[in-house]
Amino acid sequence: PTRETVFGNVLVGTVIGFALVGVVGRPAEFVRPYLIGRKEGLPITSQIGAWTLERILDSLAIVALLGASLWLWPPAIAAGTQASTILEGFRKAGSVLLIFSIAMGVILTILHYFPSFAKSVLNAFIKPLPEKFQGHLHSTLDHFISALAVIGDLPNLLLALICTAAVWL
């Protein structure tokens with residue numbers, strides 16, 4: 001989201017990254033952001049921020065789908081049985097998962113629309129840390145916030161969440 005990129009560079013980094021994930025496994029996840037960042041002359045941390053955003057959207061979709069399935073579609077079980085007690089626990093867990101995914105969506109929205117507020121909250125938490133580490137955390141947050149710019153506005157965020165949920169469905 002920080003500048004125009006060359007489609008071929010992004011495509012090559014994506015194909016190589018996904019191919020390595022297939023061969024090596026999840027540790028190769030970071031090859032794609034690394035290659036794209038190097039080819040495009042972008043900070044690697046901004047690409048890690050975009051990758052993190054993808055994983056957050058994936059996680060939100062999975063958690064919301066799991067929570068909805070546990071909460072909305074319980075099988076019919078006779079009340080008072082051990083199975084009904086377990087099912088009620090699953091329904092409560094589903095509610096917690098749905099609330100968690102909504103809360104994460106709110107946090108993403110705050111980071112996107114109110115970055116200065118997010119930075120002031122971060123400042124309050126990292127004040128006791130050394131200045132060098134504080135600078136690194138600020139830089140990471142700035143790059144993550146710039147990665148959130150790819151979402152644009154609320155309709156684009158909803159579209160990204162719907163597309164991610166559709167992929168996971």
Side-chain angles (χ1 to χ4, degrees), residues 1-7 9-11 13-14 17-18 21 26-72 92-169:
T2 55
R3 67 177 179 83
E4 291 293 319
T5 58
V6 177
F7 177 75
N9 290 342
V10 175
L11 180 65
T14 301
F18 283 137
V21 167
R26 286 293 175 198
E29 280 274 348
F30 296 104
V31 171
R32 180 171 49 107
Y34 173 78
L35 289 176
I36 293 171
R38 293 287 296 212
K39 285 270 197 187
E40 291 294 327
L42 295 168
I44 303 302
T45 53
S46 72
Q47 297 308 299
I48 297 293
W51 174 84
T52 303
L53 178 60
E54 290 175 18
R55 293 303 153 258
I56 288 172
L57 291 177
D58 285 344
S59 298
L60 288 176
I62 290 170
V63 167
L65 290 170
L66 177 62
S69 68
L70 290 173
W71 185 56
L72 296 175
K92 287 178 184 175
S95 300
V96 169
L97 290 174
L98 282 173
I99 290 168
F100 174 77
S101 63
I102 290 168
M104 289 304 296
V106 168
I107 290 170
L108 284 176
T109 302
I110 290 170
L111 285 172
H112 180 62
Y113 288 107
F114 306 104
S116 58
F117 173 73
K119 289 177 186 179
S120 65
V121 170
L122 178 67
N123 281 338
F125 281 106
I126 66 171
K127 197 167 231 158
L129 300 175
E131 280 190 37
K132 182 179 179 182
F133 194 65
Q134 287 181 22
H136 179 67
L137 288 175
H138 279 289
S139 174
T140 301
L141 181 65
D142 287 339
H143 288 153
F144 183 72
I145 289 171
S146 72
L148 287 174
V150 76
I151 291 172
D153 53 11
L154 185 59
N156 283 340
L157 173 61
L158 293 175
L159 179 62
L161 288 171
I162 290 168
C163 288
T164 302
V167 166
W168 283 104
L169 275 174

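Here the CD1 atom belonging to I48 is positioned 9.5 Å from the CZ atom belonging to R32, to the nearest 0.5 angstrom. Put simply, CZ on F133 and NE2 on H136 are 6.5 Å apart, with the number rounded to the nearest 0.5 Å. Taking CD from E29 and CZ from F18, the interatomic distance works out to 7.0 Å, rounded to the nearest 0.5 Å. The distance from the CG atom of L65 to the OG1 atom of T164 is 10.0 Å, given to the nearest 0.5 Å. Separation of atoms CG (L122) and CG (L141) is listed at 5.5 Å; rounding is to 0.5 Å. Separation of atoms OG1 (T14) and CD1 (I36) is listed at 4.0 Å; rounding is to 0.5 Å.
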For the pair V21 and V31, evaluate side chain to side chain contact (heavy atoms under 4.5 Å, CB included) and give the outcome as yes or no after the intermediate values. CA-CA 9 Å; V21 167; V31 171; over 6 Å; no
If you apply the rule side chain to side chain contact (heavy atoms under 4.5 Å, CB included), what do you find for H112 with I145, and how did you get there? CA-CA 6 Å; H112 180 62; I145 289 171; over 6 Å; no
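With a 6.0 Å radius and a threshold of 12 heavy atoms from other residues, nucleotides or ligands, F114 has its CZ atom at or below the threshold.
Counting only heavy atoms from C-beta outward, the side chains of K39 and V6 never approach each other to under 4.5 Å. For the pair D142 and K119, the minimum side-chain heavy-atom distance is below 4.5 Å. Looking at heavy atoms from C-beta onward, N123 lies in side-chain contact with H138 at the 4.5 angstrom threshold.
Side chain of Q47 to backbone of L42: no donor-acceptor contact under 3.5 angstrom is found. A side-chain donor-acceptor contact under 3.5 Å links S59 to the backbone of R55.
When every heavy atom of F117 is checked against every heavy atom of I110, the shortest pair comes out as CD2-CG2, 3.8 Å.
Applying the salt bridge (charged side-chain N to carboxylate O under 4.0 Å, His left out) rule to K92 yields no partners; only residues at least two apart in sequence or on another chain are considered.
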